[in-house]
Student: 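Once you've had a glance at the structure underneath, I'll fire off some questions.
Side-chain atoms are counted along with the backbone in the values below, which use heavy atoms only and exclude waters and symmetry mates.
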Amino acid sequence: MTCLPLRVKSLLMELHAKRGLLESNLRSASRLLVAYSGGVDSAFLAFAAHEVLGPEMLALIADSPSLARTQLEDALHFASEQQIPCHVIQTDELENPAYARNDGSRCFHCKDTLFHVMEQYRDAHGFAAIAYGVNLDDQGDFRPGQAAAREHHVLAPLLEAGLTKSEIRELARQAGLRVWEKPASACLASRIEYGRPVTTEALAAVEQGEDALRGLGFHQHRVRHHGAIVRIEIAGDELPRALDPVMAAEFTRIFKALGFTYVTLDLEGFRSGSMNAVLPLQALKNAR
């Protein structure tokens, strides 16, 4: 057997210890609801919780216009593949003016609504606690939803175990979960520029645009809604194809049909959270 370098052995042992701590935390949670979106973090958390708690856990996925249909379908398929108990709940964050006005606190109001609905489900069905998939890396990002989680006393098992995003992906890979390399994908509302109201029409335009890009074979992308202007972000390694004049003409055809007057391609390429660049520093601090 090939001997592993000491550094690799140390990292593997550390990861094994973190997995053990995660399982211990989940075991102490008793009957548990997991806020599930289908992304790698919440999917691995739901998988681990099911391994530890069996029928004493339930994954809840919140359905609303801000969740792309492809994401909902894939999340449900993954839960079915892994035999994870899963239930769809309806949330109405769009009915909340504080959410719909779309300022820097939008994600707080979204998660506040989600956890309120989950608390109602918890109390009605005899569950003991709620958990969500925040990880260690999220502490260095703009995540106002974490404030809502703290207010609702939501458990953070991945964070408590000290797991980073890359470590969660590695554990998911080791477990044979197909989502281990799934690209990150925030809700559709995150594509709408701050200050522009979140509406079902805007969300539908973003979703249809991203579906069209996916249909053209692009893997990592975002459709950013700036009113009459759409700003398309494509991963750097896919940008040369996007810059081809024939493809540019196809972008123009697609997005003008969706109601945009001007169609632009962002030359910086895809990057998560690019909308946050316009927020004042104080807003970022206050929303953590």
Student: Give a yes or no on whether a salt bridge exists between Asp211 and Arg214, defined as a side-chain N under 4.0 angstrom from a carboxylate O.
Tutor: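 Answer for the salt bridge query: yes.
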
Student: Please determine which of Val179, Leu22, Asn135 meets the side chain to side chain contact (heavy atoms under 4.5 Å, CB included) test together with Phe44.
Tutor: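 In the set Val179, Leu22, Asn135, the residue that makes a side chain to side chain contact (heavy atoms under 4.5 Å, CB included) with Phe44 is Leu22.
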
Student: If I take atom CG from residue Leu60 and atom OG1 from residue Thr91, how far apart are they, to the nearest 0.5 angstrom?
Tutor: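 Spacing of CG (Leu60) from OG1 (Thr91) equals 11.5 Å.
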
Student: Are Tyr132 and Phe115 close enough that their ring centers fall under 6.0 Å?
Tutor: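 Aromatic pair counts; centres sit under 6.0 Å.
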
Student: Take the angle between the ring planes of Tyr121 and His125 and call it parallel below 30°, perpendicular above 60°, tilted in between.
Tutor: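 If you compare the ring of Tyr121 with that of His125, the planes turn out parallel.
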
Student: Decide yes or no for Ile254 and Leu213: does some side-chain heavy atom of the first lie under 4.5 Å from some side-chain heavy atom of the second?
Tutor: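 Of all side-chain heavy-atom pairs linking Leu213 with Ile254, none is under 4.5 Å.
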
Student: Is the NZ or CZ atom of Arg178 positioned over Phe78's six-membered ring, under 6.0 angstrom from the centre and within 45° of the axis?
Tutor: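 No, Arg178 does not lie over the aromatic ring of Phe78.
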
Student: Tell me if the CD atom of Gln83 is crowded by more than 12 foreign heavy atoms within 6.0 Å.
Tutor: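 For Gln83, atom CD is not crowded (no more than 12 foreign heavy atoms under 6.0 Å).
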
Student: Who are the ring pair (Phe, Tyr, Trp, His ring centres under 6.0 Å) partners of His116, not counting sequence neighbours?
Tutor: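 Result, ring pair (Phe, Tyr, Trp, His ring centres under 6.0 Å) vs His116: none returned.
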
Student: Is the shortest distance from a Lys or Arg side-chain nitrogen in Glu167 or Lys165 to a carboxylate oxygen in the other one below 4.0 Å?
Tutor: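 Judged by the 4.0 Å cut-off on N to carboxylate O distance, Glu167 and Lys165 do not form a salt bridge.
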
Student: Within 45 degrees of the ring normal and closer than 6.0 Å to the centroid, is that where the cationic atom of Arg31 sits relative to Phe127?
Tutor: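 Here Arg31 passes the 6.0 Å and 45° test against Phe127.
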
Student: Can Arg173 and Glu181 be counted as an ion pair, charged N to O under 4.0 angstrom?
Tutor: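 Between Glu181 and Arg173 there is no salt bridge, as every charged N stays at least 4.0 Å from the carboxylate O atoms.
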
